[in-house]
Amino acid sequence: IEGVLKIFIFVAYILLATLMKDIRRVFQYHGAEHKSIACYEAGMELTPENAKKCTRFHPRCGTSFMFVMLIIGIVTGMFIPVWDNMLLRAAIKLAILPLIMGVGFEIIMLCGKHENIITKIVAAPGLWMQRITTNEPTDDIIEVGIAALNAALYGVEEKASDEVVEIPLFDNEDEKEEETTETAEEVEGNEGDETEYTYGEVLEDFGDDVVVDGQEVEIPKEDETKPE
């Protein structure tokens, strides 16, 4: 019952996902991936015309891997003698999960390399599921799949350029010359008295003092500006 429930939940989840328009488009990209790989493995030139002729089902698909994992997990779960303690049973399943994944991976690779009655039977459930998780792609999506496969096989070509691109800070020269004023409170003199200066003026740094338009203004040290 536990194994049947797992398969039912998995299949139901995939079917519900297909109700979303975006997911159906994702499944088109999935189909384009399989067609591109099938075209490459068949020794044909990677073109949209050739890829369209290829199947969208592949024995080494991740969907097949997940289904094989479910079946192996169900079979191994039948041999776990602990039924009364669910926590211990779950802990044992988690402990053997890496082993199950390794066995499942090897089975998928075996089905991809060899074609006989045994591998066809083992791969059949996953291939059936791919009728849900893959859709027939359009030409532009196939082109994306081919480009992705070429990038995986040969790498992405990096276009280097020695040209220096200057990014303007202002939209025009008038805006550049426009004066932007800021208000600085005088440290010495009457409190609240403010001195206006512009970014266009030249500031000369003399230690703790700054000269603004020929007038020396003392910049207080950090500890002197802290509130008591």
Query raised in the report: So how far is it from I146 CD1 to L153 CG, rounded to the nearest 0.5 Å?
Result: 11.5 Å
Query raised in the report: Would you call I108 and M69 a side-chain contact if the rule is heavy atoms closer than 4.5 Å?
Result: no
Query raised in the report: Is the closest side-chain heavy-atom distance between I141 and R25 below 4.5 Å?
Result: yes
Query raised in the report: Do I7 and F67 touch side chain to side chain, with heavy atoms closer than 4.5 Å?
Result: yes
Report task. Indicate yes or no: at least one non-hydrogen side-chain atom of E136 is less than 4.5 angstrom from one of R56. Result -> yes
Query raised in the report: Does the side chain of H34 come within less than 4.5 Å of Q130's, by heavy atoms?
Result: yes
Report task. Measure the shortest side-chain to side-chain distance between I72 and I107 over non-hydrogen atoms and say whether it is less than 4.5 angstrom. Result -> yes
Query raised in the report: How about K93: does its NZ atom have over 12 heavy atoms from other parts shown lying under 6.0 Å from it?
Result: yes
Query raised in the report: Would L70 and I14 show up in the same hydrophobic cluster when neighbours are defined by side-chain heavy atoms closer than 4.5 Å?
Result: yes
**Report entry** Y40 atom OH: more than 12 heavy-atom contacts under 6.0 Å
**Finding:** no
Query - Side chain to side chain, C54 and E41, heavy atoms closer than 4.5 Å - result: no
Report summary line: The reported gap from CG in L110 to OG1 in T119 (rounded to nearest 0.5 angstrom) is 7.0 Å
Query raised in the report: In Å, rounded to the nearest 0.5 Å, how long is the span from CE of M20 to CG of D22?
Result: 6.0 Å
Query raised in the report: Any side-chain heavy atom of V144 sitting closer than 4.5 Å to one from D140?
Result: no
Query raised in the report: Any chance CD1 of I74 has more than 12 other-residue heavy atoms, nucleotides or ligands included, within less than 6.0 Å?
Result: yes
